J.: 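Next up is a structure, given as structure tokens.
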Amino acid sequence: MFRAVKGTRDLLPPDTAVWNRVERIAREVFRAYNYHEIRTPILEEEQLFARGVGADTDIVSKEMYAFEDRDGSRLVLRPENTASVIRAYIEHRLDQRPGVQKLYYIGPMFRRERPQKGRYRQFFQIGAEAIGSESPFVDAEVIEMVSEMLTRTGLGGFTLLINSVGCQNCRPQFVEKLRAALKPVAAQLCVDCQRRAETNPLRVLDCKVPEDQPLIEQLPSILDSLCEICAPHFEQVMMYLADRGIPFEVKPRLVRGLDYYMRTTFEVTHGDLGAQNSVLGGGRYDGLAESLGSSVHSPGIGFSIGEDRLVMTVARGEDSAPDVFIAPLGEAALRHAGVLARDLRRVGVTVEVAANLKLKRAMELANKAAARYALILGDDEIAAGVYTLKNMRSTEQHRVTREQIIETIGNGN
RNA sequence: GCGGCUGUAGCUCAGCUGGUAGUAGCGCCAGAUUGUGAUUCUGGAAGUCACGGGUUCGAACCCCGUCAGCCGCCCCA
């Protein structure tokens, strides 16, 4: 027997209704903020991510689905979408279009990790990028938008964390400071942190081992090391968020795993997600376009929502049910039903026709499908030129004309 | 990539210290005579007990391996 490959899954009804609802809300919110959809290929050149995301990141160094194409070129299934969007932005000279380019996407990403709760090898992201402005106002607007989006999907009890990770000027200085501060205490930290202290000191700040926390608290904060550009930028972002009444928490130890982030970074966590408690991550990446070959400075900020994780945490809805379940008795009635069904569907009524079934069976199926009405069509009705319409909930049934069907159903009775 | 737990009908699960699977619940299908569902009653189908080895007279049960799922680590959405 064939099965979905490890880490991938089939989404079945009625769960797909929840996905559609989430996506519908996302599109509505994107529209309100004047974002437009971009669709980029799932396959990209391997180098795009090595250069964009960073060759040393976990995503690139060990999680990509990479393979050699028949012509020898190295391709990958995209592990994230920001690099692709920037690639498309450069390729199609979107920098020549007027104003800030505000783009959104919804689609699958691929990372070859060990699956667990809220983590799949094929997972879906809803994300957006605003390219062409360094203004902290844009940062605040993006953050406001994600907050709005999550709230409207019905997600409650999430926490918005923000931070600034500085820029190429102030971050290296901070890293040195951190290294110096870590030297005397590294031996008392967990083994992972001892390794991180060497390879990537910023990661130590993100350690979750409880015993390490007292020592980590004592380490310098990047917010004290921000340069004269980064510091006011962050202040303004917080001010604009406060203006809009958006609750947030400053987490100076928030570190993101992608190399391209600078200045503003943010994350949304939710308690119901288990160890993978992050529903959304994002940040500013002012140098990314240039590192991907753009001749024009194209600063940007973006985010992506883990749609699988969001769906996990929002209420489970019900899928749509038919308005009318038509039960035709006999061949003549079936032909008549086919035409009637077409006409009803054309005016927006959801119709199911029970073909070649006994009436009892048709009624059973109408009930199981949660249909609002059953429409019985037999020789009597054909002779009289009417239909028998039964309200499945109240059990009342009447003989009605074609016009009355649409009227009754349209009224939602 | 590393660790822990789990793997019996479509689903949720029983199955005693190994003797060769359950009238279990839900679901599914059919019937309770004529053109009426959801309630009720009756009947039925469906499992190579994840897969492959081993121990044993005998394994769903014990041992080893593989695979899958879940949970955690790493990291991230």
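Predicted, not measured: the structure shown is a model, and the values here were computed from it. All chains are named by letter (A, B, ...) in the order of the sequence lines, taking the proteins before the strands, and each is independently numbered beginning at 1.
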J.: Does A/R31 come within less than 4.0 Å of A/E28, counting only side-chain N to carboxylate O?
T.: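 Salt bridge flag = no for A/E28 with A/R31.
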
J.: B/G43 and B/C26: how far apart are their P atoms, nearest whole angstrom?
T.: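 Pairwise P distance, B/G43 against B/C26, rounds to 14 Å.
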
J.: Taking a pair as Watson-Crick or G-U wobble with both distances under 3.5 Å, which nucleotide is matched to B/G35?
T.: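 Paired with no nucleotide.
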
J.: For B/C73, what is the paired nucleotide under Watson-Crick or G-U wobble rules, both distances under 3.5 Å?
T.: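 Its partner is B/G1 (Watson-Crick or G-U wobble, both distances under 3.5 Å).
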
J.: Sticking with atom C1', work out how far B/G1 lies from B/C75, rounded to a whole angstrom.
T.: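 Roughly 12 Å separates the two C1' atoms.
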
J.: Consider the side chain of A/N277, meaning its heavy atoms from C-beta on, and name the nucleotide among B/G37, B/C76, B/U36 that approaches it most closely.
T.: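 So the side chain of A/N277 is nearest to B/C76.
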
J.: Within the supplied structure, the quantity of interest is the number of heavy atoms (other residues, nucleotides, ligands) at a distance under 6.0 Å from A/R24 CZ; does it exceed 12?
T.: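 Yes, CZ of A/R24 has more than 12 neighbouring heavy atoms, counting only those of other groups under 6.0 Å.
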
J.: Heavy atoms under 4.0 Å, any strand shown: does A/G7 hit a base, just sugar-phosphate, or nothing?
T.: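 Sugar-phosphate, backbone atoms only, no base.
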
J.: Nearest to the side chain of A/Q116, which nucleotide is it out of B/A77, B/C74, B/G37?
T.: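 For A/Q116, the side-chain atoms sit closest to B/C74.
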
J.: In whole Å, I'd like the distance from the OH atom of A/Y261 to the P atom of B/C75.
T.: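 For the pair A/Y261 OH and B/C75 P, the rounded distance is 17 Å.
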
J.: Under a 3.5 Å cut-off for both distances, is B/A68 Watson-Crick or wobble paired, and to whom?
T.: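 B/A68 is paired, partner B/U6.
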
J.: Once you apply a heavy-atom cut-off of 4.0 Å, does A/E113 come out as touching a base, just sugar-phosphate, or nothing?
T.: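 Here A/E113 touches the bases of the nucleic acid.
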
J.: Using only side-chain N and O atoms of A/K6, determine if any of them is under 4.0 Å from OP1 or OP2 of B/C70.
T.: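 The answer is no; no side-chain N or O of A/K6 sits under 4.0 Å from OP1 or OP2.
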
J.: Any base atoms under 4.0 Å from A/R361, or only sugar-phosphate, or nothing? Heavy atoms, all strands.
T.: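 Result for A/R361 = sugar-phosphate.
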
J.: Any salt bridge between A/K102 and A/E141, counting N to O under 4.0 Å?
T.: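 Here A/K102 pairs with A/E141 in a salt bridge, since their nearest N and O are under 4.0 Å apart.
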
J.: Looking only at side-chain atoms of A/K358, point me to the closest of B/C76, B/C75, B/G31.
T.: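 Among B/C76, B/C75, B/G31, the one nearest the side chain of A/K358 is B/G31.
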
J.: Determine the sole option in A/R51, A/R87, A/R74, A/R78 for which the salt bridge (charged side-chain N to carboxylate O under 4.0 Å, His left out) test with A/E44 is passed.
T.: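 Going through the options one by one, the only one that passes is A/R87.
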
J.: Check every atom of B/C70, B/C74, B/G35 against the side chain of A/D380 and return the nucleotide holding the closest atom.
T.: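 Out of B/C70, B/C74, B/G35, the nucleotide with an atom closest to A/D380's side chain is B/G35.
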
J.: Pick the closest RNA chain B nucleotide for A/L365 and for A/E381 by heavy atoms, then say which residue is nearer the 5' end.
T.: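 Looking at RNA chain B, the more 5' nearest nucleotide goes with A/L365.
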
J.: Indicate, with a heavy-atom threshold strictly under 4.0 Å, whether A/R112 touches base, sugar-phosphate, or nothing.
T.: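 Counting heavy atoms under 4.0 Å across all strands, the contact made by A/R112 is with sugar-phosphate only.
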
J.: Taking atom C1' in both B/U20 and B/U56, compute the distance separating them and give it to the nearest angstrom.
T.: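 Rounded to whole Å, the distance is 13 Å.
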
J.: Base, sugar-phosphate, or nothing for A/D379, non-hydrogen atoms under 4.0 angstrom?
T.: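 Counting heavy atoms under 4.0 Å across all strands, the contact made by A/D379 includes a base.
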
J.: Spell out yes or no: do the side chain of A/R3 and the base of B/C67 have one donor N/O and one acceptor N/O closer than 3.5 Å?
T.: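 Answer is no: no donor-acceptor pair is held.
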
J.: Return the nucleotide paired to B/U48: Watson-Crick means purine N1 to pyrimidine N3 with N6-O4 or O6-N4, wobble means G-U with N1-O2 and O6-N3, both under 3.5 Å.
T.: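 None - no nucleotide pairs with B/U48, as no candidate has both distances under 3.5 Å.
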
J.: Should we count CZ of A/F137 as having more than 12 external heavy atoms under 6.0 Å?
T.: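 No - once you tally the heavy atoms of other residues, nucleotides and ligands closer than 6.0 Å, there are 12 at most.
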
J.: Do A/D308 and A/R9 meet the salt-bridge criterion of a basic N to acidic O distance under 4.0 Å?
T.: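 Between A/D308 and A/R9 there is a salt bridge, with a charged N closer than 4.0 Å to a carboxylate O.
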
J.: Taking only the C1' atom of each, what is the distance from B/A24 to B/A9 in whole angstrom?
T.: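 Comparing C1' positions in B/A24 and B/A9 gives a spacing of 12 Å.
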
J.: Per the atom types in the model, does the base of B/C75 pair as donor or acceptor with the side chain of A/R111 at under 3.5 Å?
T.: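 No pair found.
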
J.: Over all strands shown, is A/I305 touching base, sugar-phosphate only, or nothing at heavy-atom distances under 4.0 angstrom?
T.: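 Touches nothing.
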
J.: Looking only at side-chain N and O atoms, does A/Q125 come under 4.0 Å of OP1 or OP2 in B/A77?
T.: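 It does not, given that no N or O in the side chain of A/Q125 lies less than 4.0 Å from OP1 or OP2 of B/A77.
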
J.: Rounding to the closest angstrom, what is the interatomic distance between B/C67 and B/A45 at atom P?
T.: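 These two P atoms come out 38 Å apart once rounded.
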
J.: Check every strand shown and say whether A/Y120 touches a base, only sugar-phosphate, or nothing at a heavy-atom separation below 4.0 Å.
T.: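 Contact class for A/Y120: base.
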
J.: Just checking A/E307: base, sugar-phosphate only, or nothing, at a heavy-atom cut-off of under 4.0 Å?
T.: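 If one applies the 4.0 Å heavy-atom cut-off, A/E307 turns out to touch nothing in the nucleic acid.
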
J.: With distance as the sole test, does A/N277 use its side chain to make a donor-acceptor pair with the main-chain N or O of A/G271 at under 3.5 Å?
T.: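 Flag not set: sc A/N277 to bb A/G271 has no pair under 3.5 Å.
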
J.: As a test of reading the structure: which of B/C71, B/C74, B/U36 is closest to the side chain of A/K117, going by heavy atoms?
T.: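 For the A/K117 side chain, the nearest candidate turns out to be B/C71.
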
J.: Please figure out whether A/N367 or A/R309 has its closest RNA chain B nucleotide nearer the 5' end.
T.: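 Its nearest nucleotide being more 5', the pick is A/N367.
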
J.: Would you check if A/S225 and A/K177 make a side-chain contact, meaning some heavy-atom pair closer than 4.5 Å?
T.: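 Touching, per the 4.5 Å side-chain cut-off.
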
J.: Hey, does A/G127 reach any base, or is it just sugar-phosphate, or nothing, if we go heavy atoms under 4.0 Å?
T.: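 A/G127: no heavy atom of the nucleic acid under 4.0 Å.
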
J.: For the pair made of CG in A/L329 and C1' in B/U36, what is the distance, rounded to whole Å?
T.: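 For the pair A/L329 CG and B/U36 C1', the rounded distance is 10 Å.
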
J.: Could one point to a donor on the side chain of A/E364 or the base of B/U36 with an acceptor on the other under 3.5 Å away?
T.: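 Answer no: no donor N or O sits under 3.5 Å from an acceptor.
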
J.: Out of B/A68, B/U36, B/G37, which nucleotide sits closest to the side chain of A/T388?
T.: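 Per side-chain heavy atoms of A/T388, the pick is B/U36.
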
J.: Could you work out the separation of B/U8 and B/G47 based on their P atoms and round it to a whole Å?
T.: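 My reading of the P atoms in B/U8 and B/G47 gives 15 Å.
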
J.: Where the side chain of A/L359 is defined as all heavy atoms beyond and including C-beta, which of B/A77, B/U36, B/G37 is the nearest nucleotide?
T.: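 Closest nucleotide to the A/L359 side chain: B/U36.
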
J.: What is the pairing partner of B/C29, taking Watson-Crick or G-U wobble pairs with both distances under 3.5 Å in any strand?
T.: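 Result: B/G43.
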
J.: If only side-chain N and O atoms of A/K368 are considered, is one of them under 4.0 Å from the OP1 or OP2 phosphate oxygen of B/C29?
T.: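 For B/C29, OP1 or OP2 has a side-chain N or O of A/K368 closer than 4.0 Å.
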
J.: A/K390 side chain N/O closer than 4.0 Å to the phosphate oxygens (OP1, OP2) of B/U36?
T.: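 It does not, given that no N or O in the side chain of A/K390 lies less than 4.0 Å from OP1 or OP2 of B/U36.
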
J.: Please measure how far the P atom in B/G7 lies from the corresponding atom in B/A60, and state the result in whole Å.
T.: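 Going atom to atom, P in each nucleotide, I get 15 Å.
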
